[in-house]
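Here the structure comes first, spelled out in structure tokens, and everything after it is commentary.
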Amino acid sequence: MTTGTPAPPRSVRIASALTVLQGLGGIALAVALIVRVIGGATPVGPILGAAGVLVIWFGAAILASVLLFRGQHGARTPVIVTQLLLLGCAWYAYGPSDQQLLGSLGGIYCAVVLVLLFTNDGRRWAWGDDSADHDKAD
């Protein structure tokens, strides 16, 4: 690293890679919406608006994940916020949308990413503390 910051721990890198996969899935959903509009779906405005929001949101999630993978501390928060928002989407899929399998899998995926981001090593790295003395006090 040219910035002098320590590389993120393995758990943070795995979480960022999983978030990139989510981002790619969101971009694929946006492309599917655009294809739906090209195929003649109406109303055009709301569908294209939803596709635009998805591209912006998941594009930003991919960017934050790449920066997190490269060791940028500030990119951790957008990844956490993305997981919390997607956890809400998973809850909606599970309950009100009556898609229990999809909601369960989505919720588990988000929970795994959050757990990986909040491991002891991940928290120490986020705080900029590389010493292992904090574990001894716990």
Side-chain angles (χ1 to χ4, degrees):
M1 302 264 148
T2 59
T3 60
T5 59
R10 184 170 188 242
S11 62
V12 173
R13 287 188 178 221
I14 293 170
S16 67
L18 291 173
T19 305
V20 166
L21 290 177
Q22 286 175 326
L24 293 175
I27 298 292
L29 177 60
V31 169
L33 289 175
I34 293 170
V35 168
R36 183 175 169 201
V37 166
I38 292 171
T42 57
V44 173
I47 295 174
L48 288 178
V53 168
L54 288 172
V55 167
I56 291 170
W57 177 18
F58 285 109
I62 290 171
L63 175 64
S65 298
V66 169
L67 291 174
L68 184 64
F69 192 86
R70 296 181 67 194
Q72 298 294 321
H73 293 271
R76 184 174 178 254
T77 299
V79 170
I80 291 170
V81 169
T82 297
Q83 297 311 311
L84 293 174
L85 289 171
L86 288 175
L87 196 56
C89 294
W91 171 84
Y92 187 82
Y94 184 85
S97 291
D98 203 29
Q99 299 287 329
Q100 283 82 23
L101 179 63
L102 184 63
S104 297
L105 294 175
I108 291 168
Y109 194 96
C110 293
V112 166
V113 173
L114 287 170
V115 166
L116 288 170
L117 289 172
F118 286 104
T119 60
N120 284 333
D121 290 339
R123 286 183 299 129
R124 271 197 305 271
W125 172 80
W127 292 332
D129 184 14
D130 292 331
S131 67
D133 295 335
H134 297 308
D135 286 340
K136 294 177 184 174
D138 292 341

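Not measured: the values here are computed from a predicted model.
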Which atom names give the shortest non-hydrogen contact between A90 and G106, and what distance separates them? CB-C, 3.8 Å
What's the shortest heavy-atom distance between L48 and I34, and which atoms?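 Smallest interatomic distance, heavy atoms only, reads CD2-CG1, 4.3 Å.
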Point-to-point distance, once rounded to the nearest 0.5 Å, from CG of L29 to CG of L24: 12.5 Å
How many angstroms lie between atom CD1 of I62 and atom CG of L67, to the nearest 0.5 angstrom? 12.0 Å
Any side-chain heavy atom of I47 sitting closer than 4.5 Å to one from T42?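 No; the side chains remain at least 4.5 Å from each other.
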Between H73 and W127, does the ring centre distance come in under 6.0 Å?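 Judged by ring-centre distance (under 6.0 Å), H73 and W127 do not meet the cut-off.
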Short side-chain to backbone donor-acceptor contact, [X] and [Y], under 3.5 Å:
X    : Y    : answer
W125 : P6   : yes
Y109 : S104 : no
R76  : L68  : no

Which pairs count as side-chain hydrogen bond (donor to acceptor under 3.5 Å, both in side chains) when at least one residue sits in residues 44-68, sequence neighbours excluded? none
Counting heavy atoms not belonging to Y94, are there more than 12 under 6.0 Å from its OH? no
Criterion side chain to side chain contact (heavy atoms under 4.5 Å, CB included) on I80 and L117, from CA distance to verdict: CA-CA 8 Å; I80 291 170; L117 289 172; 3.7 Å; yes
Would L116 and V12 count as a side chain to side chain contact (heavy atoms under 4.5 Å, CB included) here? Give the steps. CA-CA 6 Å; L116 288 170; V12 173; over 6 Å; no
